[in-house]
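Each remark here refers to the structure printed beneath this line.
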Amino acid sequence: MSDYAKLRAIDSSDEVVTKSFVQDITLGSGKTLALVTLDNGRDHTRPSTLGPATLFELRDVLSQQKERASRGEIHALAVTGKPYFLAAGADLSRVSDIPDRETALQLAQLGHETLGLLHEFGVPTFVFVNGLALGGGLEVALNADYRTINEAAPAVALPEVFLGLVPGWGGAWLLPNLIGIENALKVVIENPLKQNRVLKPKDALELGIVDEMFGAARFLEQSLQWADEVVSGSRKVKREHVPGLIERKIKWDVAIGIARKSLESKIGTVAQSPYRALDLLAAAKKSDRATGFAAEDEALADLIAGDQFHASIYAFNLVQKRAKRPAGAPDKDLARKVTKVGILGAGLMASQFALLFVRRLQVPVVITDLDQARVDAAVERIRGEIDTLASKGRIGTDEQNRLKALITGTVDKSDFADCDWVIEAVFEELGVKQEVLREIEQHIAPEAVLATNTSGLSIDDMASVLEHPERLVGFHFFNPVAVMPLIEVVNAAATDEPTLATAMATAKALKKTAIITTATPGFVVNRILAKLLGEAMHAVEQGTPFSVVVEAQKPFGFPMDPFVLLDLVGLKVGAHVLDTHHSAFPDRFFESKALHELAEANVLLEKDEKGNAKGIDKRAVKIVQKHTAKDAKPYSAEDLRTRIEDGLADEIHRMLESDVVTAAEDIDLAMILGAGWPFQMGGVTPYLDRVGASERVFGSTFHSPRIAGPSA
């Protein structure tokens, strides 16, 4: 055994060590099974994790039991966990402390050595997955000969790719050789990139990850009985998903190729971990166990020592911790109860609001617009969406009927009299919004909250026409409303604390993450996007080829280039956003006459029959050329990238200096959840620190120390 000197040198005094407790169980056949229970001694709020000290102890315990097996003292070994948990994977706090690649390599090797003891143990080995099994926790099970699962276990998953890593303790080699390449691609790559989707016990059984599933009440008893039958030879375990010769010769490479193309189209090529995982899965087709494990060691060491893992952990902590304790939020006890919601407008966005509010708050929702026909059409559209949810099994019949009954429409504003919360979703024009807010205020109680979904208009100007400006708050959703997790809650100059507290409580009830921002043009997300998109349009108007602009922004890691993004948000909306920011900050933001003409012509991208972008439409190129001055100076990709990075660093620094939000972390959280800034980049400010833009622009960094990997 290696002494793992560098790994042992890490201070483990604050590691919550998961102990390995051993108990001999006499099976019905008279044989003895050594049952190892993983338990960190904490309650159900602290899952067992696998840090270095835990792995060292588990290695020693398994080694001792293997010696006992060689002497004939035990006839089988099983591993299970404390109530509700097998293990939640590696202790990420300890992984983040690893100082260099060599130590990272030792952690990978220690994991393989420890869990690998469950293979070739001399007697059959089992893992009874009694509860949550994530990452390294699931790999404990995969290394054993046989697996059972508790039907009440909350989740099974290999989420490493989501966190900038790969399954590095056997998962990338063992899983495809156990359940086939297509199933393994789903578990290792597809699910983590779908907002960290997990498997339920039934899924794990159907995929062949586990061999048997038992009910919660007698899970351990039935697992022991099943293990006894396997050990005694009275039960044969069939593995129907193990890949055969045809899959290895034909389907394996095809599946890998399809997955690679899918990744490139969906997330680009900047994120490292999905592609390292894909390479490991591809190699598992022919490599033996030792070779596969060695490849995992190298991949895990590279990733742990790199920037993206540390950026991912930073982003993970933002989403898991900061999002649950929003900076600047007032006392939640000040929040008023919302028992009825009113929505001003009956368009698509208003309909999305209505569906979300009625589903999450389960209170009456009334919508209004200029004419009854428009209102009736919106109500039917919303009720149709509720029917669709029911047809997909996402809600039951009783809830379907109840929700449909809660949705009503009216053109009589007096029907809003008992609303506690009213939100406008009308045309993005200040005068229109002022008019509808001023009108509805005459019909609602003085303490009722008024919310605006403006993406950047002055909320202070809206408040100026109200009798009670203190009850107006910004409540900016992102489209599509049901999917996007962020709401920018805008604390305008007159907004009082009960209104702000109600907005934060409402966002939470809607199961959204809220950040508080001041009433400044673009708030957070649109202000940063306006910088990105404005620079892109300015560059092409300077004669820079569209392809060079796309190349310049690739290192940011966005899943779509700036022109695909413009097409997605809408050319007219994009032009309006650029105009708004140019008007507010003319020295730093560009307007784009070319974009206005593109919007009028409704042309930018050339698309295939499925609607996917193939490139820039030739008509769009000609329109942009009309707006290119003769003395324009095209940018190189490198010069443009530096210009954009420095522009972002300057703008974000200004936002923080003027207290638009409390800290850089809030900007990163907003960009990750509201704009899809890549999780593995850690948000925008860690990226700007790493590339040196922060130092170039304001002589410091947003984070100290920088969010980056250790030196090799």
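Note: hydrogens, waters and symmetry copies are ignored here, and every other heavy atom, side chains too, is used. In this text, all values refer to a predicted model and were calculated from it rather than measured experimentally.
The two residues D420 and V338 have their closest heavy-atom pair at OD2-C, 3.6 Å. Counting all heavy atoms, side chain and backbone alike, L500 lies closest to P330 at CD2-CD, 3.7 Å. When all heavy atoms are compared, the tightest approach of G674 to M484 is O-CE, 3.4 Å. Annotation for A492 and A519: closest pair CA-CB, 3.9 Å, computed over non-hydrogen atoms. In plain terms, the two heavy atoms of E428 and L457 that are nearest each other are OE2-CG, 3.6 Å. Between L604 and D567, the shortest heavy-atom distance links the atoms CD2-N, 4.4 Å.
Ion pairing between E657 and R654 fails under the 4.0 Å rule for side-chain N and carboxylate O. Electrostatic pairing of E380 and R383 counts as a salt bridge here, judged by a charged N lying under 4.0 Å from a carboxylate O. Between D646 and R696 a salt bridge is recorded (basic side-chain N to carboxylate O distance below 4.0 Å).
Side chains of Q400 and D387: a donor-acceptor N/O pair is present below 3.5 angstrom, by distance only. Counted by atom type alone, Q352 and N479 present one or more donor-acceptor pairs between their side chains at under 3.5 Å. Side chains of E264 and T269: a donor-acceptor N/O pair is absent below 3.5 angstrom, by distance only. With hydrogens and angles left out, the side-chain atoms of R381 and S351 include a donor and acceptor closer than 3.5 Å. Side-chain polar atoms of D415 and T410 form a donor-acceptor pair below 3.5 angstrom. D639 and S636 form a side-chain donor-acceptor contact under 3.5 Å, judged by distance and modelled atom types alone.
Although no hydrogens or angles enter the test, the distance criterion places no donor-acceptor pair under 3.5 Å between the side chain of D689 and the main chain of T701.
Between S414 atom OG and I444 atom CD1 the span is 13.0 Å, to the nearest 0.5 Å. To the nearest 0.5 Å, atom CD1 of residue I407 and atom CD1 of residue I367 are 7.0 Å apart. To the nearest 0.5 Å, atoms CG (L688) and NE2 (H703) are separated by 9.0 Å. With rounding to the nearest 0.5 Å, the separation of CG in D617 from CZ in F563 is 13.5 Å. Note that the CZ atom of F162 and the CZ atom of R197 stand 13.0 Å from one another [nearest 0.5 Å]. With rounding to the nearest 0.5 angstrom, the NZ atom of K433 is 9.5 Å from the CD1 atom of I459.
Contacts of Y635 classified as ring pair (Phe, Tyr, Trp, His ring centres under 6.0 Å), with partners at least two apart in sequence or in another chain: none. Residues that satisfy the side chain to side chain contact (heavy atoms under 4.5 Å, CB included) test with P555, not counting sequence neighbours, are R641, Y687. By the side chain to side chain contact (heavy atoms under 4.5 Å, CB included) test, P485 is found to be paired with L673, residues two or more places apart in sequence or in another chain being considered. Residues satisfying the side chain to side chain contact (heavy atoms under 4.5 Å, CB included) criterion with P678, sequence neighbours excluded, are F558, M681. Taking the ring pair (Phe, Tyr, Trp, His ring centres under 6.0 Å) definition, one finds that H627 meets it with nothing, sequence neighbours left out.
By the 4.5 Å heavy-atom criterion applied to side chains, L578 and F589 are not counted as neighbours. By the 4.5 Å heavy-atom criterion applied to side chains, V564 and L605 are counted as neighbours. Inter-residue side-chain proximity for Q372 and V375 is flagged as met; some heavy-atom pair is nearer than 4.5 Å. For the pair R471/P498, no side-chain contact is recorded, criterion being any heavy-atom separation below 4.5 Å from C-beta on. You'll find the side chain of I652 reaches within 4.5 Å of the side chain of L656, heavy atoms only. Using a 4.5 Å heavy-atom cutoff, the side chains of M462 and L430 are in contact. Using a 4.5 Å cut-off on side-chain heavy atoms (C-beta onward), C419 and V366 make contact.
For residues 348-374, every residue pair satisfying the salt bridge (Lys or Arg N to Asp or Glu O under 4.0 Å) rule, not counting sequence neighbours, is listed here: D369-R374. The list of side chain to side chain donor-acceptor pair (under 3.5 Å) pairs with a residue in residues 506-521, not counting sequence neighbours, reads T520-R527. For residues 570-587, every residue pair satisfying the side chain to side chain donor-acceptor pair (under 3.5 Å) rule, not counting sequence neighbours, is listed here: D579-H596. Sorted by first and then second residue, the ring pair (Phe, Tyr, Trp, His ring centres under 6.0 Å) pairs with a member in residues 332-354 read F353-F477; sequence neighbours excluded. Here side chain to side chain donor-acceptor pair (under 3.5 Å) pairs that include residues 443-453, with residues two or more places apart or in two chains, are E424-T452.
Around atom CG of N602, no more than 12 heavy atoms belonging to other residues, nucleotides or ligands sit under 6.0 Å away. Heavy-atom contacts from other residues, nucleotides or ligands closer than 6.0 Å to CZ of R402 number more than 12. Within a 6.0 Å sphere centred on CD of Q195, heavy atoms belonging to other residues, nucleotides or ligands number 12 at most.
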Could you pull out every donor-acceptor pair under 3.5 Å between side chains of residues 659-670 and any protein atom, sequence neighbours left out?
from : atom 1 : to   : atom 2 : distance (Å)
D666 : OD1    : R322 : NE     : 2.8
D666 : OD1    : R322 : NH2    : 3.4
D666 : OD2    : R322 : NH2    : 3.0
D666 : OD2    : A663 : N      : 3.2
D668 : OD1    : V684 : N      : 3.0
D668 : OD1    : T685 : N      : 2.8
D668 : OD1    : T685 : OG1    : 3.1
D668 : OD2    : Y314 : OH     : 2.6
D668 : OD2    : T685 : OG1    : 2.4

Donor-acceptor pairs are to be reported for all side-chain atoms of residues 528-538 against protein atoms at under 3.5 Å, with residues two or more places apart or in another chain.
from : atom 1 : to   : atom 2 : distance (Å)
K531 : NZ     : R588 : O      : 2.6
E535 : OE1    : R643 : NE     : 2.8

Inset, instruction - In sequence, state the C-alpha distance, the side-chain angles, and the governing distance for E441 and R438, and then conclude on salt bridge (Lys or Arg N to Asp or Glu O under 4.0 Å). - result: CA-CA 5 Å; E441 187 181 30; R438 180 168 46 203; over 6 Å; no

Inset, instruction - Please test Q542 against T628 for side-chain hydrogen bond (donor to acceptor under 3.5 Å, both in side chains), starting from the C-alpha separation and ending with a verdict. - result: CA-CA 6 Å; Q542 290 294 307; T628 302; over 6 Å; no

Inset, instruction - Evaluate the criterion side-chain hydrogen bond (donor to acceptor under 3.5 Å, both in side chains) for residue pair T499 and E470; output intermediate values, then yes/no. - result: CA-CA 7 Å; T499 297; E470 70 280 358; over 6 Å; no

Legend entry - Stepwise side chain to side chain contact (heavy atoms under 4.5 Å, CB included) check, D650 with F698: CA-CA 7 Å; D650 175 62; F698 58 90; over 6 Å; no

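Remark: of the listed residues V490, V449, D496, V449 is the sole one forming a side chain to side chain contact (heavy atoms under 4.5 Å, CB included) with V473.
Aromatic pair F416/W421: ring centres not closer than 6.0 Å.
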